[in-house]
Student: 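Please read through the structure below; I'll follow up with questions.
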Amino acid sequence: MAKVKANTRSDDFFKSVWEVVRLIPYGRVTSYGAIAKCLGTGASARTVGWAMNASHHSPESIPAHRVVNRLGMLTGKHHFKEPDAMQRALEKEGINVVDDKVVEFDRLFWDPSKEIQI
DNA sequence: ATGCTGACGTCGC
DNA sequence: CGCGACGCCAGCA
């Protein structure tokens, strides 16, 4: 009965990730590590990616296609409904993707901690 | 219940 | 300079 504490924490982590991802402006991209670090767990970048996977199970629309690894590579494209959906969504927003990598990633990179300012 | 894997990132050798 | 291993959290076998 009094063990609801751990349950709240894990749920909050996923929820925070989705919230940050939803805050990504149109035509911008970010990295898993940036989100993880923004949440205070820079070493848990892996879990951020897992949160993206859970985004499919979430009733909210999470633009996971705007989240790529630190190299700007579309590592998660294979997890989408269609492998081309991710690259297609990015190109639709004006982001050029070549060889599964975001062009000008450094310029399109959006820092969550810079906007959220916890 | 325990262990492994997984859409990453950083450090070490 | 190149490659490997570890750490983190959660879901699944």
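Values below: every heavy atom of this structure, side chains too, minus hydrogens, waters and symmetry copies. Chain identifiers are assigned alphabetically (A, B, ...) following the order of the sequence lines, protein sequences preceding nucleic acid strands; residue numbering begins at 1 within each chain. Remember, it's a predicted structure, so these values are computed and weren't measured experimentally.
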Student: Please report the shortest heavy-atom distance between F105(A) and N69(A), naming the atom on each side.
Tutor: CZ-O, 3.8 Å
Student: Would you say S31(A) reaches dC8(B)'s phosphate, i.e. side-chain N/O to OP1/OP2 under 4.0 Å?
Tutor: no
Student: Looking at dG9(B), dA10(C), dC9(C), which one has an atom nearest to any side-chain atom of T47(A)?
Tutor: dC9(C)
Student: Look at all strands and tell whether N53(A) reaches a base, only sugar-phosphate, or nothing, counting heavy atoms closer than 4.0 Å.
Tutor: base
Student: Look at R70(A) and dT10(B) and indicate whether a side-chain polar atom (N or O) is within less than 4.0 Å of OP1 or OP2.
Tutor: yes
Student: For nucleotides dC8(B) and dC1(C), find the distance between their C1' atoms and express it as a whole number of Å.
Tutor: 22 Å
Student: Which part of the nucleic acid does H56(A) contact within heavy-atom distance under 4.0 Å: base, sugar-phosphate only, or nothing?
Tutor: base
Student: After noting the C-alpha distance and the side-chain angles of S44(A) and F13(A), does the key distance pass the side chain to side chain contact (heavy atoms under 4.5 Å, CB included) rule?
Tutor: CA-CA 11 Å; S44(A) 52; F13(A) 188 84; 3.9 Å; yes
Student: What pair of heavy atoms forms the shortest contact from V67(A) to S31(A), and how long is it?
Tutor: CG1-C, 4.4 Å
Student: Could you work out the separation of dC3(C) and dA7(B) based on their C1' atoms and round it to a whole Å?
Tutor: 22 Å
Student: Starting the side chain at C-beta, find the nucleotide from dA10(C), dG9(B), dA7(B) nearest to N69(A).
Tutor: dG9(B)
Student: Distance alone, cut at 3.5 Å: any donor-acceptor contact between the side chains of Q87(A) and H65(A)?
Tutor: no
